[in-house]
Every structure is written in structure tokens, then in C-alpha cells.
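Below: one structure, written as C-alpha cells.
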There are 2 protein chains.
Amino acid sequence: MTDVAAAAGVSQSTVSRILNRKPGAIPASRETRERVERAARELGYRPHPFARALHGAPTMLLGAVVRDITDPFFAEAIEALTIECSKRGYSVVLGHARTTADEALALAGVLEARQCDAIVLVGDFRGERRLVADLRQAPVPVVALWHGSERHDRPFPTVTVDSRAGIRAALTHLTALGHERIAYVGGALRYVILDREEAYREFLSADGVGVPAGYVRHVPNTIRGGALALAELRDLPSPPTAIVAATDVLAIGIINAALAQRIDVPADLSVVGFDDIALAAGTIPSLTTVHMPIEPMVAEGVRIAIGETDWDWAAGNDPPRVVFDPNLIVRDSTAPRR
Amino acid sequence: MTDVAAAAGVSQSTVSRILNRKPGAIPASRETRERVERAARELGYRPHPFARALHGAPTMLLGAVVRDITDPFFAEAIEALTIECSKRGYSVVLGHARTTADEALALAGVLEARQCDAIVLVGDFRGERRLVADLRQAPVPVVALWHGSERHDRPFPTVTVDSRAGIRAALTHLTALGHERIAYVGGALRYVILDREEAYREFLSADGVGVPAGYVRHVPNTIRGGALALAELRDLPSPPTAIVAATDVLAIGIINAALAQRIDVPADLSVVGFDDIALAAGTIPSLTTVHMPIEPMVAEGVRIAIGETDWDWAAGNDPPRVVFDPNLIVRDSTAPRR
DNA sequence: TTGTAAGCGTTATCAT
DNA sequence: ATGATAACGCTTACAA
């Protein structure tokens, strides 16, 4: 910048003023401006963001803490986050909190140095007590995306989805198709997903049917987990005619295993997923699933994080909790009971 | 830092010296050191990385430009990158270059402001002429991972894999199983993948068999693309008994479609993938595929990027090209021809 | 309208 | 062994 000033024959502060001309600021003479702008262009001037940040300017860096980018759902979420951020001129710094031991790292890298203007938690971290505790006293805004419902206590603003409504939609769809023996497959450890299981239990109970023994399976959230669950369910004295999976990944595993065993999906077995990941539309049969409005949710999260909403971080108000509604996408993995 | 100095009753420069005590520096009195360290701890002092960067210190930020995190292979690569970086105290800033329009953004966010110490390109970007051109004159080191073979010109240090050897291993395996009618399914636009196709053609030609008409299919690199390719291949007058796919995603799509059509894999159709993504081991049947040594490759890339290798960025030497060897993992999707 | 000068938090170079 | 003091590149009063 000093170079630009020298080249243009003006003072360095003039350059600063001209180059980031603020809306309502004092104008500069056209002639000087042109000279400065040309000099800047010729010298290939690039502002040095750190020097700006030193004055309290935003770093335009957003920290994202994700459990597992390898999970297609979270990959899509991060993709959406990156896009949303770049629209607003922000960049995304990737944190990582796969194991508890990594928590510290995620913090050290992303936030400890408070180089980020805000932090976005992607996924459910209620299990990571230390992470959440540290984040509570983070010097920057923290927003949680898909953080499970916290009944007693809400540490940060949260954007989430009404999982229960999604499960209800799935079950309503299946019962409308005539299914009565409907099983549930989910992961034991993921808290958000517990909501889904609860919704399943409630629905079946309300119907007066109740949950048949062995109809709730807990497996790892992988393709293989889905296959495992299917094997267990088929071993039951009275196997289900339909399965609701807590995630698409599980549902795809179930379908894959079913096809490999020559079980016809959907004729002999209906399967509903949850998340509507990109993969879900491409499988054969394509997956009936609960669509997760990833983009709007991420956009809302970013908006809160960078302070584009009413909610005032400074004031001691209760952090907002924005709940989106998922909707069922009916494709080819469900059919009337036969 | 000033606060710490005040609290410890010493000058601020003393604090600086003590807190980042360098190996061969002048020692400080034990007593002062303790006082300073305690003060720092009590005040919860955290160094401000930007102020450091102002003095030429590394920002400990690594820019990653990825085409599509949603692709499981790249998701795993980014995961490995994040882990490798955090081991070394670096954080990863995510760029994004999905569409050509995004190129500019990827740069703006990740590097334009030279906030990153280095940039890692993940995937093949030879198509992105502007991106590559811009990157050539980036003020920081650029390393390309999985950037396809550049015959005439090597813009940056590159870490890649010997795709041809991988394809040869796959074909050798299949021919050993008695297969003669082996098709190839790949994407048209991805350059690295062209190497794979060439290797396929060469292998078949060398065998004196030649490539049967219609045995090379170009489809989008998705599950659905795989299904499409399978449909086309089955329509051929003499359909293949084995298929080599350029990626696991395609291979999985092929298997999924085959099962849905009651084609037995591997009894009636053998399928080999490429990449060995996590999904590949979990499908039924599990996928025979060419394993990509992601971790070592990423580690090497990072090492070059942060200047931990012999290669001197300043000197005008030819950028290094490190080529890893993939190896075939035989699982359940291949069997003797019947 | 433009220039001068005082920081921002840190490191580095002097003296002391 | 420690303390002033000058950078680093930029923003921002305040002066001219």
C-alpha cells in the first residue's frame, strides 16, 4: 500500500481511504482517485487481511467443526456451507472432532486462536462435553447445525430439523400403503437420531400397534450397518414388511443387502431413508426418503453466525432455535404391502 | 500480551521472548520466566496469529481447492488432509471450484489474500485454465494432488498415482480369472481418468484381443452413471463378462443396477472399481478395487507444500512429481468366468 | 480533499 | 537478563 501511495504520489492514508471507499464517507477528487486506482492495479496490490484484522475488522473466516466429512450427508452440508459462505465473502476453515481426543485439536486449530469470526458446529455434539463447554466461552459466535434437541439447556443458537415430523411422515406413508410390520433401524450413539427413534415408538404406540420385539435395531451408520440390521430383522420370527432407516446411508445398505439376497425392493420390502443425500436419487430402486432442507438450513445458520439476524449476541437473551420442516420424497423403494 | 507484561511486572518484550523461547536464544532468569508464565496462564493469554503473520510468520493455514467434496473419494482426501494438517499445527481453508464460475471465488477466498501459507489442489484441474494460470503466479507454494499427467508442462509439484499400473493390475486379475470380454466405464471429462482409459486400451491391444466395439462407456461419475453404463453394455450383441470402472462410485452403481436386474455379481458379472473408498468394503458383494494410498499421498503433498522436502521453491528447478503405486484389493465382486 | 500520526499485537534489534 | 523502540500493513481520528 505504501508502494501504491509512492507510485501515485499521494499519502498512504489517502490510498487506504480511496481503495476501501465506504458508502457514506468523504469523497476524494476524481483525479487522485484515478491515479491511485491505476497505481494499485499496475502494482497488483492486494490488501493484507491480517493487517486489517488487527484493527478488529472481520477475518472473513468461518470455522466449521464437523464430525465426519466422509459421511455423505455431512459432505453435502459442508459443500452447502462453503457455497453459502463464499457468496458472502467468507472462507471456511475446517475443524475436526472425530474422536474425543481430537476435540482439542479442532479447537486449537480453528478457534483457540480466534482467527475465525464465528464457528459453526455441523452435527450433533452433545456427547462431546468438553467441546461444548469450551465453545460456550468462545470469544466468537457459535451456531449449531443439526445439534439435537437440548431440553434443559441451550448452549448456542441452533438450526435444526423436526426429525419427529419426518419420521411421522415416513410412517404415515407406509401405513397408508398397508404396512403394519414396520421396523426401525438407527444408530445408538447419535443423539439427533434418538429423536427419530422416539418418534417411531410414539407413532407405533399411538396406533395401538406397539413396537414388536426386535423391531428397533441399533447399528453403525454405514452401508454395512444397514446390511447387518437387515440380516437381524430377517431372522425375526415375524420379519417386517417395511423398514424406516434413520439415515439414507443405512437405507442404502439395507436395500443393497436385500437385493443381494434376492429380496425384491419394494415388492417384498419397502424401505424409507432420511436425509435425501444425492446418492438416494440414483440408486435402483431410487430411495423414498425424508428430504433435509440443507441449503436453507445452512444459510440460516450462516446468517445467525455472522450476525445478520435480529438475535443480539451481546444481550443475554435465550439463543434462538430455528426448526425446519423436512418433507417426504416418495420414490421407488416403497410400495403397497403385498 | 501487554496485560501479561503488566501483571508480571516486566516489559512486554520480555514476555514475548519468554513465551516463544527459541531453541538457541538467550535464556531468561528462572524467576522471571515463572512469573510471566503464571501471569499468562491466569490471564488466559492466547497469541494473536495475525499479528505474528504481520512479521512474516506463517499463518498455519493451508488452502485446499477441491472440485466436489460430495464425491466420496475427495471427501476422504479432504479428511486425510485435515488430519495430516492438524498433526502439523495447520488448519485447512476450503476453496471450491465446482463450476468454472467458482474458480474466481475459490481464489478470492483461499489465496488471493495470501492468507494461506500454501495451496493444495485436490483433483484434476487441467480443464480449469484460468485457475491454473492464476495459481502459477500465486505468491505461495502450490501443490497438486491427483492432478493428471501433464506431458508438456508441469506447473506445480504434483503427487499422483500410477493409474495405468492400477488398471493393468485390475485387468491382469480379470484375465487370470478367465475373462476375455472386459468393458471399461469411465467419465469423459476427468483427465486423470483418461490415463485409466488409455491403460485399458493398451492392455487389451497388447493382448491381441483389441477393444470390442462399444466396450468403452463414458458416463457421469455417479451411481446413476454406473447404472446407465451397465444398461448400455447389456444391450450390446455380446455383453461383457467383466467391467473395469474408473472409480468405485461407478462400480457401485454398476453392481447396484446389476443386482436390481437380478444379474448375479460376481457369478455372472465381475466388477472392479478404482479408489477403494470406504464404501467399497461395505457393499454386498464387497468391491474388488484398486486401492489408492490416500494418506501417504496427502502426507507427501503437505510435506512439499510446507517446504519439508529437499525441493527448493525459490530455485528454478523442475517441480517434482511424486508417483505412488496403487495396489489391487481383491474382494467379492470378481470371480472366475463361468 | 489530503496528509500526519497514532495505534492494532507481535517480533526483532538495539541498548542497557 | 531485560527494557525501549522500531517495524509489519493497515485503519482511522485529527490536522491542515
Side-chain angles (χ1 to χ4, degrees), chain A residues 1-41 43-61 89 111-117 139-140, chain B residues 1-41 43-61 89 111-117 139-140:
Chain A
M1 189 146 168
T2 320
D3 299 344
V4 177
V10 295
S11 88
Q12 176 263 334
S13 58
T14 306
V15 176
S16 172
R17 247 180 269 121
I18 291 180
L19 255 31
N20 19 311
R21 179 156 43 125
K22 303 230 169 133
I26 314 105
S29 85
R30 301 92 199 273
E31 201 251 330
T32 330
R33 160 152 57 261
E34 275 165 21
R35 222 162 4 115
V36 169
E37 276 166 354
R38 194 159 42 76
R41 212 174 316 114
L43 269 60
Y45 167 78
R46 302 232 174 285
H48 193 132
F50 297 148
R52 280 187 171 156
L54 223 37
H55 287 269
T59 61
M60 305 311 273
L61 250 30
L111 113 236
E112 178 172 14
R114 69 209 183 283
Q115 26 191 11
C116 295
D117 293 335
V140 296
Chain B
M1 189 145 165
T2 322
D3 299 342
V4 177
V10 294
S11 89
Q12 178 264 335
S13 53
T14 305
V15 176
S16 173
R17 242 178 277 123
I18 292 181
L19 255 30
N20 20 308
R21 178 158 43 127
K22 302 222 170 141
I26 313 107
S29 84
R30 299 94 199 269
E31 201 251 332
T32 331
R33 159 150 60 261
E34 275 164 21
R35 229 174 342 130
V36 169
E37 276 167 354
R38 195 160 41 76
R41 212 173 316 115
L43 268 61
Y45 167 78
R46 301 229 174 286
H48 193 133
F50 297 149
R52 282 186 170 159
L54 219 41
H55 288 269
T59 61
M60 304 311 274
L61 249 32
L111 106 226
E112 177 171 18
R114 71 203 183 281
Q115 25 192 11
C116 296
D117 292 334
V140 296

_Roughly what angle, to 10°, lies between the helix axis at the start of the helix from dT1(C)-dA16(D) to dT16(C)-dA1(D) and the one at its end, five pairs per end?_
50°
*Length of the CZ-P vector between Arg35(A) and dT1(C), whole Å*: 15 Å
*asked:* Once salt bridge (Lys or Arg N to Asp or Glu O under 4.0 Å) is applied, do any residues pair with Arg35(B), and if so which ones, sequence neighbours excluded?
replied: Glu31(B)
*Just how far is it from atom OG of Ser13(A) to atom CE of Met1(A), taken to the nearest 0.5 Å?*
8.0 Å
*asked:* Between P on dT11(C) and CZ on Phe50(A), what's the gap in Å once rounded to a whole number?
replied: 15 Å
*Going from CZ on Phe50(A) to NE2 on His48(B), what distance comes out if it is rounded to the nearest 0.5 angstrom?*
9.0 Å
Report, one pair per line, the protein and nucleotides 6-8 of chain D atoms (nitrogen or oxygen only) whose separation is under 3.5 Å.
unit_1 : atom_1 : unit_2   : atom_2 : d
dC8(D) : O2     : His55(B) : NE2    : 2.6

*Given dT11(D), is OP1 or OP2 found less than 4.0 Å from the side-chain N or O atoms of Asn20(A)?*
yes
*Which parts of residues 1-11 of chain A get close to DNA chain C, meaning a heavy atom less than 4.0 angstrom away?*
Val10(A), Ser11(A)
*Give the rounded distance in Å between these two atoms: CZ of Arg46(B) and P of dT10(C).*
12 Å
*Could I get the full list of side chain to side chain contact (heavy atoms under 4.5 Å, CB included) partners for Arg41(A), not counting sequence neighbours?*
Glu37(A), Arg38(A)
_Within the 4.0 Å heavy-atom criterion, would you say Ser16(A) contacts the bases, only the backbone, or no part of the nucleic acid?_
base
*Given atom CD1 of Ile18(B) and atom C1' of dT2(D), what is their separation to the nearest angstrom?*
9 Å
*Which pair of non-hydrogen atoms, one from Ala53(B) and one from Thr59(B), has the smallest distance, and what is that distance?*
CB-CG2, 3.9 Å
Sub-3.5 Å pairs of nitrogen or oxygen atoms, protein against nucleotides 13-16 of chain D:
none

_Nearest-angstrom distance from the residue atom CZ of Arg52(B) to C1' of dT10(C)_ = 8 Å
*In whole angstroms, how far is the P atom of dT10(C) from the NE2 atom of His48(A)?*
15 Å
*If you look at every heavy atom in Val15(B) and Val4(B), which pair is closest and at what distance?*
CG1-CG1, 4.0 Å
*asked:* Under 4.0 Å from OP1 or OP2 of dG3(D): is there any side-chain N or O of Thr14(B) that close?
replied: yes
*Applying side-chain contact (heavy atoms from CB on, under 4.5 Å), run through Arg17(A) and Thr14(A) and close with a yes or a no.*
CA-CA 5 Å; Arg17(A) 247 180 269 121; Thr14(A) 306; 4.3 Å; yes
*Interatomic distance, Glu31(A) CD vs dT2(C) C1' [rounded to whole Å]*: 13 Å
*Hey, does Leu19(B) have a side-chain heavy atom less than 4.5 Å from the side chain of Tyr45(B)?*
yes
*Just how far, in rounded Å, is C1' of dA12(C) from CG of Leu19(B)?*
16 Å
*asked:* Are Met60(B) and Pro49(B) packed together at the side-chain level, in the sense that at least one heavy-atom pair is separated by less than 4.5 angstrom?
replied: no
_Between Val10(B) and Ile18(B), is the side-chain contact (heavy atoms from CB on, under 4.5 Å) condition met? List the steps._
CA-CA 11 Å; Val10(B) 294; Ile18(B) 292 181; over 6 Å; no
